[in-house]
Amino acid sequence: MSQSILVFNFGANEEAAQQAKRKVEAWKQGFRLGNKMLLKFEREGSAVPNEDKREATEAEASEQNESAKSSAAKSGKKKAGSKTASKSGANAKESPEPEPAAAANGEVRLFLRLDFSDHEKLSHQRWLDRIPTEEPFKSASGETIRTGDPEFPKTAERFEDLE
């Protein structure tokens, strides 16, 4: 397996880090990359990790979906109820997240692991060349750590420890 970890330091610019996250998610979906690109954040100086807040928000949204489905089942309107349940779930995901205000004071580092098979060397290299030149990543200071580099094991362990 060819693995590389790209580390981008966005400083205190949480909005740029969120744009980068959305960009990576769009690439994963558009190019059907699946787990070949994994993204994790490291935030320093924030009181509460934002991932916990996001998970709590997703849990609340799923609880709302469950309650909407159960109330729809009671009233006998399954079809209309599942439409409203899916709409409420979509609205919960599209709602603006309060993350930028929470970590505005701390450093935001983005870890992006590329994990391609050995026969996908060309795709791996193309992504290594492309990602640092795209807009949200261009403004951040970045570094590429490849499998053979001496600091790769330490960085890979750090990546695995992040949530």
*asked:* For a 4.5 angstrom cut-off between non-hydrogen side-chain atoms, does Leu38 reach Asp115?
replied: no

*Side-chain contact, heavy-atom cut-off 4.5 Å: Ile5 with Thr144?*
no

*Carefully, step by step, assess Arg22 and Glu135 under the rule salt bridge (charged side-chain N to carboxylate O under 4.0 Å, His left out).*
CA-CA 12 Å; Arg22 288 188 292 272; Glu135 185 49 44; over 6 Å; no

*Would you say the side chains of Gln18 and Glu14 form a donor-acceptor pair under 3.5 Å?*
yes

*Shortest non-hydrogen contact from Pro136 to Ala16?*
CB-O, 3.9 Å

*asked:* For Lys121 versus Asp118, what's the shortest heavy-atom pair and its separation?
replied: CG-O, 3.1 Å

*So, are Glu160 and Arg113 salt-bridged, with charged N and O less than 4.0 Å apart?*
yes

*For the residue pair Leu114 and Lys36, establish whether any side-chain heavy-atom pair is separated by less than 4.5 Å.*
no

*Main-chain N/O of Phe10 paired to Asn13 side chain as donor or acceptor, under 3.5 Å*: no

*Determine whether Phe8 and Glu143 make a side-chain contact, defined as any pair of heavy atoms from C-beta on separated by less than 4.5 Å.*
no

*How close do Lys28 and Gly34 get, heavy atom to heavy atom, and via which atoms?*
CE-O, 3.0 Å

*asked:* Would Lys23 and Phe137 count as a cation-pi pair here, with the cationic atom under 6.0 angstrom from the ring centre and within 45° of the axis?
replied: no

_Grouping I, L, V, M, F, W and Y whenever their side-chain heavy atoms are under 4.5 Å apart, do Leu162 and Val108 come out in a common cluster?_
no

*Same hydrophobic cluster for Phe152 and Phe111, using side-chain heavy-atom links shorter than 4.5 Å among ILVMFWY?*
yes

*So, the side chain of Asn9 versus the backbone of Gly11: is there a donor-acceptor pair under 3.5 Å, distance only?*
yes

*So which heavy atom on Ser117 is nearest to which on Ser2, and how close?*
O-OG, 4.4 Å

*Is it true that Lys138 and Glu134 have a side-chain N and a carboxylate O under 4.0 angstrom from each other?*
no

*Indicate the atoms forming the closest heavy-atom contact of Leu110 with Ala17, along with that distance.*
CD1-O, 4.2 Å

*Evaluate the side-chain proximity of Arg109 to Phe41: yes if any heavy-atom separation is below 4.5 Å, no if none is.*
no

*Tell me, do Phe159 and Val7 make a side-chain contact under 4.5 Å, heavy atoms counted?*
no

*Keeping the roles fixed (side chain from Thr147, backbone from Gln3), state whether a donor-acceptor pair exists under 3.5 Å.*
yes

_Using a 3.5 Å distance criterion without hydrogens, assess whether the side chain of Lys40 forms a donor-acceptor pair with backbone atoms of Leu112._
no

*asked:* Could you tell me if the side chain of Ser4 sits less than 4.5 Å from the side chain of Ile145, heavy atoms only?
replied: no

*Return yes when atom CZ of Arg130 has more than 12 non-hydrogen atoms of other residues, nucleotides or ligands closer than 6.0 Å, and no otherwise.*
yes

